[in-house]
Each structure stands twice: as C-alpha cells, then as structure tokens.
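Notes follow the structure.
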Amino acid sequence: MEDTTEEWSADERRRLDALASEEAPPADLEGRVVAALKASGTIASPDGSRRKTFFASRALAVAAAIVIAFASGRASRRETPSRTPGPRFALFLYEGPRFVAGPEGDRVLEYRAWARRLRAAGVEINGERLEDGGISVTPGGETEEVPASTSAGERLAGYFIVAAPRRESAVAIAKSCPHARHGGTVVVRPIAES
Amino acid sequence: MTSSRESREPEGGEADASLVASFLATRSEAAFRALYRRHTPVLYLLARRLLGPRDGAEDAVQDTWVTAARGLATFEGRSSLRTWLSGIVIRRCAEIGRRGSRRREVGIEAILEREAEPRMEIGDALDLERAIRNLPDGYREAIVLHDLEGFTHEEIANFAGTTIGSSKSQLFRARRSLRARMSPEKER
C-alpha cells in the first residue's frame, strides 16, 4: 500500500531527480583499497602470485610480545610458543617537523580503524603507540633520560608488526597507513627469522 | 513512484559480468580497479547520504570493496552488481550509524546543534541535499533508498531487516518531515 498523502508533487519529484547521482571519492581511496586487498592476497601481486597461506592468529601477538619485551629490556630465554614461520615486518612510525598531529584521540582512533580494516581483510597486524621519553642504559650501567625527539626534531611515535608475504606487500601496507597522510614517515624493516 | 534507480544503474551489465569473471579467474588488479572505478562514485555518494552528518563514508566504501572482493564468488547475479554492492554499503552504514548512536549518548551538544539548524527553503540542489542530510537517521535512510536510489520497499525491508509495512510508514513520515523542512510555513 503506497501512501498517498505525502506523495511528492511533480516539481518536488523533479528536484529530487535532479540531485547528483554520484560523487567522486577521495583520490587516495582506490589505492588504499587495492593495498588492503593485495596485503590479504585477495588481489594478485604484480608477479601474478597470490598469498597462499595465512599465519596462525597467535603468531602476530607472539611477535609483538617479543618486540615489546625486547624493547623494554625484559627479553627472556624462556621458550616462546611455536608459530607458523613466514615473513614479518616492523613498521616504525616517525614524526618529524612536517608532521601535523591533530587531536591525539582522533589519530589513535584513525590508526586503530585502519588496522581493523586490514585485519578484516585478512592481514595480521598489531602495534602500539609509544610514550615520549625513556631511559638509555650505557655499557657502564649509567642511565640517562632520552629526549622526546632527536636534534633533527624526529621522534619514534609507535610501531606496527605486520605479517606480509613479501617486502612489496609490507610497503603497500605502509603506504596505506594514515601516518603518511599526517606528514609522518613509516620505515619498513623486515624482522629477522629466528 | 517513479524509480530513479533504473536510470542510475550503469549501462552494460555484461561489462560487469565480464569484469567479475575476469577478476575471479585471475584476481587481477586491473579487473578490480575497473570494477572499482565503475561503481565507486555511486557507492560513495550513497554512503555519504546514508551517514548524513557523520564521518565514515570512506571506511564504508573501503569495507564494502574488501567484503565484495572476497565474496564475489558468491554473487549469483540475481540482482545487478550495483544493487548487490549497494546492499553491502547500506548494511555497513547501518553498523556505523549504530556505533554513532551509542557515541551520541554522551554527545548531546551535537544533537542540539543539529536541531537548531534553521529550516530552509529548497531553492537549489545544495539546500535539498543539506535538508536530507540533516533528517533523523531513519527518515534519511528512507528518503535516500526509496526516493533517490529507487529501491522498492521489499528491498529496503530486506536490507534493513524490517518489514515492508514498516518501510512504507517510515517513508511516509520521512517525506512529511522533509517537506516541512522544505516549506517552513507549512505545519510540520
């Protein structure tokens, strides 16, 4: 039963029909979508191969835990749970003079949403934001406060650990990271196989 | 009601079928990009309209393509590809809307700001877009899906998980609300 009392007049209908039927999306959206699909193996890589396997879901959490433990000087010799072997990469997020931060809370949500989208696409990724400052320990056991940024004005703001089949995939993921849009630099480093 | 969707469907369903087949066979980036470029401008506008004043259209479109690319093998062709993709956008926007609703429980200022927007004469398309954008969530969805996108009440009920009768009554109220905003002198 179609309502009759609130039907549009011919003039109103004409105005509705005249509204735009499409709108150009942001130019970088296509690249981000393609990067996410490449990273998950849904789109073939340029060499025509597809990612064949995905790591067990625990692998990345274990890898992140190892990095965190190492970074905080708590690396132990305890055996770590076994993980499915495969390439992993660390994405280090640097902020320099060109970085435009915006509200911290918004940025954290933005980065989390990005990582969530990658996970939804099948990419195993985890990461942490780093607080400013720290302590450096010299070979002689002396400690010193680490400044928030280097003399060049750069600071390491956080990192992600990502499982990717090859370096190009990790770079594609790095390019899709919102950090670059804020003017930050993402450094991709392969994690050594143990 | 005249359906405006027919005129907004891309010509060449065969082109879609060919690109989908090519993508499924090769997973080629070129085939995917062709599909993306063919449909994204419409999907992006749909997401922007459905989300109204909220952000998230880019996320909705990206999630849609990720979901679609991974699920294209299940696309049976009973509807057009555009309709199938639109369904994914609609469901994704509804999820974003629900999250937004929860967030707004502590964001009363945003509600007040929206309510205080002056009613406007619809003198041009920009004002009409703005009026639609500022409709309450359910009303906006009804107008966008039925009156702009041309979906039937049955399709809308299917997307929204509701009934045909509910879709019709929502549209009735939505039109009344939009008309009131279009003509301030008319009783709301």
Side-chain angles (χ1 to χ4, degrees), chain A residues 1-52 106 109-110 112-114 116-123 172 176 178 181, chain B residues 1-2 4-5 7-8 23 26-33 36-37 39-49 56-59 61-67 69-70 72 122-129 132 143 147-149 153 164-165 168-169 171-179 182:
Chain A
M1 181 182 68
E2 193 74 40
D3 70 82
T4 54
T5 53
E6 292 291 342
E7 280 292 342
W8 297 122
S9 68
D11 184 56
E12 289 169 334
R13 183 69 252 178
R14 182 184 55 75
R15 289 173 190 271
L16 285 166
D17 286 342
L19 291 179
S21 60
E22 58 183 52
E23 180 175 326
D28 63 339
L29 183 58
E30 181 175 336
R32 281 186 271 146
V33 173
V34 169
L37 290 172
K38 275 185 179 175
S40 68
T42 308
I43 283 182
S45 296
D47 63 3
S49 63
R50 287 184 63 197
R51 188 179 177 199
K52 300 293 185 190
D106 291 353
L109 290 175
E110 184 183 11
R112 282 182 185 161
W114 169 74
R116 197 172 56 244
R117 287 196 298 273
L118 287 174
R119 284 190 206 102
V123 177
S176 74
R181 290 204 300 280
Chain B
M1 171 60 61
T2 305
S4 61
R5 183 155 55 98
S7 61
R8 296 180 184 204
F23 177 72
T26 65
R27 296 283 165 178
S28 93
E29 182 178 334
F32 175 78
R33 284 185 186 271
Y36 175 96
R37 289 170 187 173
H39 295 284
T40 298
V42 170
L43 300 178
Y44 181 63
L45 179 60
L46 173 60
R48 291 245 302 147
R49 280 177 171 155
E58 289 181 43
D59 285 353
V61 170
Q62 176 161 346
D63 291 349
T64 294
W65 277 116
V66 168
T67 302
R70 300 176 80 184
L72 261 179
I122 305 300
D124 55 36
L126 194 62
D127 285 343
L128 179 53
E129 284 280 10
I132 293 171
I143 294 286
D147 287 346
L148 297 185
E149 295 295 326
H153 286 296
I164 293 174
K168 286 179 177 176
S169 58
L171 180 65
F172 172 84
R173 290 191 290 269
R175 285 176 172 172
R176 188 167 55 187
S177 177
L178 181 58
R179 180 172 279 129
M182 291 161 71

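So that the names make sense, note that chain A is the first sequence line, chain B the second, and so on, each numbered from 1. Just so you know, these numbers use all the heavy atoms, side chains as well, and skip hydrogens, waters and symmetry mates.
Among A:E12, A:E23, A:E22, A:R32, the residue making the largest number of heavy-atom pairs under 4.5 Å with chain B is A:E23.
Around atom CZ of A:R181, more than 12 heavy atoms belonging to other residues, nucleotides or ligands sit under 6.0 Å away.
Atom OG1 of B:T40 is separated from atom CD of B:Q62 by 11.0 Å, given to the nearest 0.5 angstrom. Summarising the geometry, atom CD belonging to B:E58 is positioned 11.5 Å from atom CG belonging to B:D63; distances are rounded to the nearest 0.5 Å.
Ring-plane geometry between B:W65 and B:Y36 is classed as tilted, the angle between the planes lying from 30 to 60 degrees on a 0 to 90 degree scale.
Heavy atoms of B:L43 lying under 4.5 Å from chain A are absent altogether. Only the backbone of A:S9 comes within contact range of chain B, judged by heavy atoms closer than 4.5 Å. Only the side chain of B:I143 has a heavy atom closer than 4.5 Å to any heavy atom of chain A. Only the side chain of B:R48 comes within contact range of chain A, judged by heavy atoms closer than 4.5 Å.
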key: B:V61 and B:L46: CA distance, side-chain angles, deciding distance, side-chain contact (heavy atoms from CB on, under 4.5 Å) verdict   = CA-CA 9 Å; B:V61 170; B:L46 173 60; over 6 Å; no
